[in-house]
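Below, chain A is the first sequence line, B the second, and so on; all start at residue 1.
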There are 2 protein chains.
Amino acid sequence: MQSIGKLSETVGVKVPTIRYYEQIGLLPAAERSAGNQRLYGSQTRERLAFIRHARDLGFTLDAIRELLSLSDRPDLPCAAADNIARRQLLDVKRRIARLQALQDELERMVIQCGHGTISDCRVIETLGNHALCAHEHALAGADAHQNDADRAVT
Amino acid sequence: MQSIGKLSETVGVKVPTIRYYEQIGLLPAAERSAGNQRLYGSQTRERLAFIRHARDLGFTLDAIRELLSLSDRPDLPCAAADNIARRQLLDVKRRIARLQALQDELERMVIQCGHGTISDCRVIETLGNHALCAHEHALAGADAHQNDADRAVT
DNA sequence: CTTGAAGCTCTAGTTGCTAGAGGGATTAAC
DNA sequence: GTTAATCCCTCTAGCAACTAGAGCTTCAAG
């Protein structure tokens with residue numbers, strides 16, 4: 001049985017985050033010592049490691065919740081888990097594509113900077129006048145108004 | 001002079017977002033009509049377009065605040081603006097690199113899925129056991145505990 | 001037995017918005 | 001001229017996924 005601090009250390013998740021996961025029901029309520037301190041066994045440790053790993057791969061807590069409930073039912077077909085992972089993969093691919101467009105634009109901006117004064121700064125000018133852009137990045141594409149997922153790229 | 005709705009439409013920023021920008025001081029307090037409704041001229045419209053464009057390129061509101069205050073002083077050297085853009089570019093590059101690692105890992109997970117039951121699901125198994133990963137993505141690298149910027153990748 | 005670290009609960013803050021309640025203003029049709 | 005629809009106003013609260021801090025208790029080492 002480990003204290004929350006030890007668990008934090010071994011799994012690599014901060015103490016308040018572990019408490020937060022318990023609070024939102026991702027982790028079961030921990031056992032307590034005589035003095036009301038949380039104690040963890042190997043089962044919760046593994047669950048936390050699972051969460052940590054999935055977070056590292058960019059899954060949302062909601063997706064992780066789903067994956068965890070799937071992993072509790074080993075007899076079900078794995079299509080659902082597969083789908084979640086595929087969705088995540090698509091999401092990652094979309095984000096990469098968008099970031100790459102941003103990278104191009106930023107590179108253009110930075111390269112063109114003549115290091116003079118603000119009044120002829122390419123960075124400021126390009127930001128102020130979208131027409132100077134090489135391509136469209138988020139603006140005026142298929143959907144002029146971007147959605148949350150697009151915003152989340154930052 | 002435009003109403004907030006028209007401004008929203010022409011610039012492509014939602015009405016509550018415009019009010020929010022005013023509230024946090026990114027936009028000046030708008031003029032008001034006799035009936036207390038906001039009215040906007042071309043100057044604020046341009047400022048908003050600047051903000052919109054910079055947001056699209058992934059700049060934080062703080063960075064945008066800085067860029068805006070720079071653009072108000074055309075006589076200053078443009079090194080500061082250049083630096084902000086360079087920082088942003090580095091950030092984008094780091095994010096792309098990290099997302100690409102995630103993409104690889106997710107692809108491996110998905111490809112190996114035998115479409116059997118959860119009990120032999122590669123997705124679940126890989127998430128539960130980080131040792132199965134091909135490389136290290138965020139875990140156990142130079143710094144075991146990831147920082148905010150890494151998290152922000154989602 | 002004391003001291004300092006680690007733990008506890010609770011509230012509030014972060015970023016960049018978004019949603020909703022409960023009202024007033026404006027405009028177009030009739 | 002009025003009425004209905006649509007806009008706009010302010011204010012508060014909520015989202016994800018934590019993080020930080022206050023003010024307290026418990027534990028482990030010396």
For B/R19, report the nucleic acid contact type (base, sugar-phosphate, nothing); a contact means any heavy atom under 4.0 Å.
base
Short side-chain N/O contact from B/S3 to OP1 or OP2 of D/dC8, under 4.0 Å
yes
If the cut-off is 4.0 Å, is B/R32 near the phosphate of D/dT10, judged by side-chain N/O to OP1 or OP2?
yes
Partner of B/L102 by side chain to side chain contact (heavy atoms under 4.5 Å, CB included), out of B/E105, B/Q100, B/R98:
B/R98
Taking the minimum atom-to-atom distance to the side chain of A/R55, which one of C/dC17, C/dC8, D/dC18 wins?
D/dC18
Nearest whole Å is fine: how far is C/dT14 C1' from B/L61 CG?
12 Å
Residue met sooner reading DNA chain C from 5', once A/L39 and A/Q23 are mapped to nucleotides
A/L39
Taking the nucleotide of DNA chain D with the closest heavy atom to each, which residue, A/P16 or B/I4, is nearer the 5' end?
B/I4
Tell me: CD1 of A/I18 to P of D/dC18, nearest whole Å?
12 Å
Strictly by modelled atom types, are B/Q2 and B/R45 linked by a side-chain donor-acceptor pair under 3.5 Å?
yes
Can A/D91 and A/R87 be counted as an ion pair, charged N to O under 4.0 angstrom?
no
Which of the following nucleotides, D/dT19, C/dC8, D/dT10, is nearest to the side chain of A/T17?
D/dT19
Please report the distance, rounded to the nearest Å, between CD in A/E9 and P in C/dG7.
9 Å
Spacing between A/I64 atom CD1 and D/dA16 atom P, to the nearest angstrom
13 Å
May I ask you to evaluate whether A/T60 reaches the phosphate of D/dA16, defined as a side-chain N or O under 4.0 Å from OP1 or OP2?
no
Quick one: B/Y20 OH to D/dG14 P, roughly how many Å, whole number?
17 Å
Which of these nucleotides, D/dA17, D/dC9, C/dG7, is closest to any side-chain atom of A/V15?
C/dG7
Would you indicate, yes or no, if C/dC17 has its OP1 or OP2 atom less than 4.0 angstrom from a side-chain nitrogen or oxygen of B/K14?
no
Hey, which sits more toward the 5' end of DNA chain C by its nearest nucleotide, B/G35 or B/D62?
B/D62
Between C/dG16 (C1') and B/I51 (CD1): distance, integer Å:
13 Å
Ranking D/dC8, C/dC8, C/dC17 by distance to the side chain of B/Q37, first place goes to D/dC8
Is any NZ, NE, NH1 or NH2 atom of the basic residue among B/R108 and B/D104 found under 4.0 Å from an Asp or Glu carboxylate oxygen of the other?
no
Under 4.0 Å between a side-chain N or O of B/R38 and OP1 or OP2 of D/dT10?
yes
Here the distance between atom P of C/dC17 and atom CD of B/E22, to the nearest Å, is 15 Å
Do NZ/NE/NH1/NH2 and the carboxylate oxygens of A/E107 and B/R86 come within less than 4.0 Å?
no
Hydrophobic cluster membership, B/I18 vs B/I24, 4.5 Å side-chain cutoff
yes
Round to a whole Å and report the spacing from CG of B/L27 to C1' of C/dG16.
14 Å
Within less than 4.0 Å of OP1 or OP2 of C/dC17, is there a side-chain N or O belonging to B/Y21?
yes
